[in-house]
2 protein chains.
Amino acid sequence: MTAKSTSERILDVAEHLVQVRGYNAFSYADVSKELGIRKASLHHHYPTKADLGVALVTRYRTGFLDALATIERREDEAPARLAAYVALYRGVLRRRRMCMCGMLAADVATLPRAMRDGVARFFAENEAWLARVLEAGRSDGTLAFDGPAAAAAAFVVSSLEGAMLVARGSGGLAPFDAVARRTLATLAPPPPRKPTRRRSG
Amino acid sequence: MTAKSTSERILDVAEHLVQVRGYNAFSYADVSKELGIRKASLHHHYPTKADLGVALVTRYRTGFLDALATIERREDEAPARLAAYVALYRGVLRRRRMCMCGMLAADVATLPRAMRDGVARFFAENEAWLARVLEAGRSDGTLAFDGPAAAAAAFVVSSLEGAMLVARGSGGLAPFDAVARRTLATLAPPPPRKPTRRRSG
DNA sequence: GTCTATAACGAGATAGAC
DNA sequence: GTCTATCTCGTTATAGAC
């Protein structure tokens, strides 16, 4: 564990600020205060706010890809992979943050093009990964759903992003968990036989 | 149709700006330009931006309640009411906007308390209305789902808000429609008998 | 109710010393 | 790579004439 470079610590602080306040509600001054370093020094690492924003999106997106790869190494079954995917989101919310790209999706009309492209790519990559997992689960019978896997994947991403968004405005983890459980239940295979009318959630 | 008062036209423009850019990315200058009226005049109607923000949330929230009441007058069956509810969201997205309270939910950390309370109330009222519709539908057999109606209602709101959010970043109406259809399918009663394995979505 | 004028502040950004 | 100093602009907000 080498000590973090200044440019990385800038990204850490800026990422947190974007996840909590949004892209347009944080400033170099905020990062400066938090890091105990002057504004001008920040501009040395990221000349413009757009540069910082692009670095932020790129790191977040590739970090997420890494996390997805880790899930695939650790879990073999589709349902376990799905659960780990949900846990990824839950971990963000537990730290009282919103998914950074969900946040940026709200700000999208005000973002430089390179950032917008990064955000779109984040969602595309998430859905592609999920679609693969879902399709595999349907093939081996551990999951069940109708229609294209890509559509089911988009549904999962939307539900989770929406659950985070709404949970921030209302409650916290409990509402998120309820929505997440319901989303996963959508993909569960039907019970073997003789449905004795038991609660599924 | 009486001519709109200036204070209402201010709300119209500000609402649009919030839905597209977010609360922290619009200014009195933007509204001023759009309306052809000086910034100082805006302050006559809404002394501070917080005042404007609170008026914005209140009007949006009560307007939504009116729309829900209209749905209940026009549609008798739970599935039709649900479909009309989804159409409400779709209409917002079709105009290339995001649900204003979904937008404000992203900005929540930067909002004055009165606005936060309004946003929370918006979601609470939406979920309460939906829960009533869902419970009625389950009672008369036009809908089917497990668990408390309130949980299913929260799930619907989250999915739709998330679908709007993600659709803005990626595609447009088509991805939203796909998610909405899938969300509604979650609440559909099982087909009568002999499921001949046909696509449900 | 709308205007001109202006205050007070914070934003993103740059120059140049160390 | 960090600093001080400074610039320019946009922001919210106020005072007071019309």
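The chains referred to below are lettered A, B, ... by the order of the sequence lines, with proteins before strands, and numbering in each begins at 1.
- Heavy atoms of A:Phe26 sit under 4.0 angstrom from primed sugar atoms or phosphate atoms, though from no base atom.
- Rounded to an integer number of Å, the gap from NE2 of B:His43 to P of C:dA7 is 16 Å.
- Rounded to an integer number of Å, the gap from A:Ile10 CD1 to C:dG12 P is 14 Å.
- Look at CD on A:Glu8: it is 13 Å from P on D:dG1, rounded to the nearest Å.
- Listed here is the closest heavy atom pair of A:Met103 and A:Arg21: CE-C, 3.8 Å.
- B:Tyr60 is listed as a side-chain neighbour of B:Cys99, based on a closest heavy-atom distance under 4.5 Å.
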Going through the distances and angles, do A:Glu161 and B:Glu161 end up as a side-chain contact (heavy atoms from CB on, under 4.5 Å)?
-> CA-CA 8 Å; A:Glu161 290 285 347; B:Glu161 290 285 347; over 6 Å; no

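- A heavy-atom distance below 4.5 Å is not found between the side chains of A:His43 and A:Asp51.
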How would nucleotides 2-8 of chain D be written as a contact map, 5' to 3', with B for base contact, S for sugar-phosphate-only contact and - for no contact, using protein heavy atoms under 4.0 Å?
-> BBB----

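- Residue A:Tyr46 contributes atom OH, which lies 17 Å from atom C1' of C:dG12 at whole-angstrom precision.
- Looking at A:Asp66 and A:Arg59, no side-chain N of the basic residue comes within less than 4.0 Å of a carboxylate O on the acidic one, giving no salt bridge.
- Side chain of A:Arg138 to main chain of A:Phe145: a donor-acceptor pair is present (N/O by atom type, distance under 3.5 Å, no hydrogens or angles).
- B:Tyr28 places its OH atom 22 Å from the P atom of C:dT6, with the value rounded to the nearest Å.
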